[in-house]
Number of protein chains: 2
Amino acid sequence: MDVSVDCVVFGFDDQKLKILLIEQRQPADGSTIKLQKALPGDLVKDNESLDEAARRVLLELTSLEGIYLKQFQAFGDPNRVRGLKDQEWLRSFRNNPERRVMTVGYYSLVKMEDFNPKAASFAGKAQWIDVYKVPLLAFDHNEIIDDALKMLRHELVADNIGFELLPDKFTLSQLQRLHEIILDKKLDKRNFRKNILKNERVTALNEKQKGVLHKPAQLFTFNKVEE
Amino acid sequence: MDVSVDCVVFGFDDQKLKILLIEQRQPADGSTIKLQKALPGDLVKDNESLDEAARRVLLELTSLEGIYLKQFQAFGDPNRVRGLKDQEWLRSFRNNPERRVMTVGYYSLVKMEDFNPKAASFAGKAQWIDVYKVPLLAFDHNEIIDDALKMLRHELVADNIGFELLPDKFTLSQLQRLHEIILDKKLDKRNFRKNILKNERVTALNEKQKGVLHKPAQLFTFNKVEE
DNA sequence: GCAAAAGTGTTTCCGATACACCCATGA
DNA sequence: TCATGGGTGTATCGGAAACACTTTTGC
C-alpha cells in the first residue's frame with residue numbers, strides 16, 4: 001500500500017477563512033485529462049516520517065518553515081480513490097496507479113501575509129478558497145477538509161490556537177473576528193477580551209494601528225510557549 | 001510501505017484499568033527467538049478499510065462484535081521498528097521483514113465480563129495487564145499506549161464514554177470508581193452523581209444489587225444513543 | 001462634527017464545589 | 001447490633017454571560 005499525506009492549510013484574510021488548494025497538473029505528454037482541485041499532498045518517501053512528509057509538502061508549496069502543523073486523522077478506505085477523473089489522473093502521475101493509497105490528514109495554520117505562492121513540484125498553481133465555498137475536489141478531499149475544520153474549531157477553543165493565522169502584530173478585534181468566523185457565531189467583545197487577556201498568551205506592544213479612519217487599536221503579539 | 005493497525009483494548013475489573021496484551025508467537029520452524037508482549041494488531045488487508053482491519057483484529061482476539069473502537073493516531077516514524085528483537089520477530093513472521101510499516105492506533109473499550117479469551121491467529125495467548133504496570137513492549141507499543149490513555153482520559157470527561165467498560169447493569173459507585181481510576185483522582189460522590197444523572201445517558205432499572213453485605217445499590221443501564 | 005471602530009466594568013446567573021448524616025442489608 | 005458501602009441536599013464560590021457608553025482618529 002502507498003501512504004500519502006494531505007495538508008489542509010488554513011489562512012485568514014481578515015474577512016474569510018480560507019484553505020489552500022492546488023490545481024492538479026496536466027500530464028507532461030500533451031494529453032489532456034479533466035483536472036480538479038485538490039489538497040496539497042504527496043506520497044511519503046522511504047526514509048521520511050509522516051510529520052516530515054507533511055512538512056515537506058508544506059515547504060514545497062509555501063516556502064514557509066516552522067508553521068503550525070498537526071496530524072488529525074488517517075483515511076484508509078480502499079475505495080477512497082474511486083472517481084473516474086481520479087483514476088485517470090493517477091494513471092498519468094503515479095508509477096503504480098492501481099495501487100491502493102491511504103492518506104494521513106494534517107492541518108496547518110499559516111499567516112497569509114507570509115505566504116509566497118510558489119508552484120509546487122507536484123502541482124499547478126495554488127489558490128486560496130473560502131472554506132465555506134469549496135468545490136467538489138479530487139479523491140475524498142472534501143471529507144478530509146470537513147474533518148480538519150471540526151478539529152480546528154475544537155482546538156481553537158481548547159488551545160487558543162488562533163494566533164497562528166494572524167500577522168505577528170494584530171489587534172484584538174482581528175482575533176475576535178477570526179474566532180467568530182471559524183466558530184460561525186458572534187462573540188461579546190468585552191467577554192472575549194477578558195478571556196484572551198486572562199490566558200496570558202498575548203502581549204500588548206507599544207504600538208498602535210496607523211492610517212485607519214477610526215480610533216487606532218492597540219497592537220498585540222503572542223507569546224510563543226512550548227509546553 | 002505496509003500498513004498495520006494496533007488496538008489498545010481497555011478493560012476494567014472493578015479495581016484496575018487494564019489493557020489486553022498478547023505474547024508474540026514463537027516461529028513455527030522450531031527456532032526460538034526472544035519474545036515480547038505486544039499490542040494486538042495486524043497488517044491491513046487488500047480490500048479492507050482501516051476501521052475494518054481494527055475491527056477484525058478485535059474480533060479475532062476477543063470474539064466480540066459491536067464494541068467501542070476509535071482511531072486516535074497514525075504512527076509513521078521510519079525507525080519505529082528498530083529493536084533487535086523486533087527485527088528478529090519480523091523476519092520470522094513477515095513476508096517482507098525489511099519493509100517499512102506504519103501503524104494506525106485504535107483504542108477500544110470492552111466489558112471484561114463479555115471477554116472470552118481466545119488465541120488469535122497471529123499471537124499466543126492474550127492477557128490483561130494493569131495499564132499502570134505495562135512492561136517494555138515490542139516496537140513502539142508503549143508510546144502508542146501512552147497516547148491512547150491520554151485520549152481515553154480526554155474522551156471520558158468530554159463524552160462520558162465510561163459506560164462501555166462496565167457491565168450492562170452497573171451501580172453509580174462502580175462508574176465513579178472507574179472514573180477515579182482512569183483520571184487518577186478522587187471525585188466527590190454527590191457531585192459525581194449529579195453530573196451523571198444530569199447528562200441523561202443513564203437509566204435506573206427496577207433492580208438492585210443482591211448478596212452484598214451492605215445496603216444494596218440501585219442498578220443502572222446506559223442509553224445507547226447514536227448522534 | 002461626524003462616522004467608524006476601540007476600549008472599558010459591573011451585575012447577574014448558573015454550574016461547580018464543598019461538605020455530613022441517615023439507610024438498608026448480611027453477618 | 002455492627003460493619004459496610006449506598007444514598008441524599010444545601011450553601012458558597014467563581015467563572016460565564018449580558019449589557020451601553022465614552023474615546024480617538026481621519027475626513
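If you're wondering where the values come from, they're calculated on a predicted model, not measured in any experiment. In the text below, chain A, chain B and the rest are named by the order of the sequence lines, each starting its count at 1.
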Please list, by residue number, the residues of residues 152-180 of chain A whose heavy atoms come closer than 4.0 Å to an atom of DNA chain C; answer none if no residue qualifies.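 Within this stretch, S173(A) sit under 4.0 Å of the strand.
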
Between atom [atom1] in [X] and atom [atom2] in [N], what is the gap in whole Å?
| X | N | atom1 | atom2 | answer |
| --- | --- | --- | --- | --- |
| Q218(A) | dA6(C) | CD | C1' | 11 Å |
| L187(B) | dA16(C) | CG | C1' | 13 Å |
| K198(A) | dA17(D) | NZ | P | 10 Å |
| K186(B) | dA18(C) | NZ | P | 13 Å |
| D14(A) | dA5(C) | CG | P | 12 Å |
| I196(A) | dG7(C) | CD1 | P | 14 Å |

Validation row: [X], [Y] side chains within 4.5 angstrom (heavy atoms):
| X | Y | result |
| --- | --- | --- |
| F222(B) | E164(B) | yes |
| W128(A) | V9(A) | yes |
| V3(B) | L50(B) | yes |
| F220(B) | L172(B) | yes |
| I144(A) | F72(A) | yes |

Electrostatic pair E52(A):R56(A) at N-O distance under 4.0 angstrom: no

Is there any protein nitrogen or oxygen under 3.5 Å from a nitrogen or oxygen in nucleotides 10-13 of chain D, and what are the pairs?
residue	atom	partner	partner atom	Å
dT10(D)	O4	K194(B)	NZ	2.8

By nearest heavy atom, map D188(A) and L197(B) onto DNA chain D; which one lands nearer the 5' end? L197(B)

Look at the side chain of R193(A) and the base of dA6(C), then say whether one donor and one acceptor between them are separated by less than 3.5 Å.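 Side chain to base: no pair below 3.5 Å.
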
Would you classify Q209(A) as touching base, sugar-phosphate or nothing, given that sugar-phosphate means primed atoms plus P, OP1 and OP2, and contacts are heavy atoms under 4.0 Å? nothing

Among pairs that include at least one residue of residues 136-146 of chain A, which meet salt bridge (charged side-chain N to carboxylate O under 4.0 Å, His left out), considering only residues two or more places apart or in two chains? R80(A)-D140(A)

Only pairs at least two apart or in different chains count here, so list each salt bridge (charged side-chain N to carboxylate O under 4.0 Å, His left out) that has a residue in residues 169-179 of chain B.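 Every pair satisfying salt bridge (charged side-chain N to carboxylate O under 4.0 Å, His left out) with a residue in residues 169-179 of chain B: D14(B)-R177(B), K169(B)-E207(B).
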
To the side chain of A217(B), which of dA16(D), dG7(D), dA16(C) is closest? dG7(D)

Exercise: identify the closest heavy-atom pair between F163(B) and V202(B):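 It is CE2-CG2, 3.6 Å.
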
By side-chain contact (heavy atoms from CB on, under 4.5 Å), which residues pair with Q73(A), not counting sequence neighbours? F75(A), D147(A), Q71(B)

Step by step, would you call E155(B) with N160(B) a side chain to side chain donor-acceptor pair (under 3.5 Å)? CA-CA 7 Å; E155(B) 304 266 298; N160(B) 254 101; over 6 Å; no

Between the protein and nucleotides 21-27 of chain C, list every N/O to N/O distance that falls short of 3.5 Å.
residue	atom	partner	partner atom	Å
dA24(C)	N3	K215(B)	N	3.1

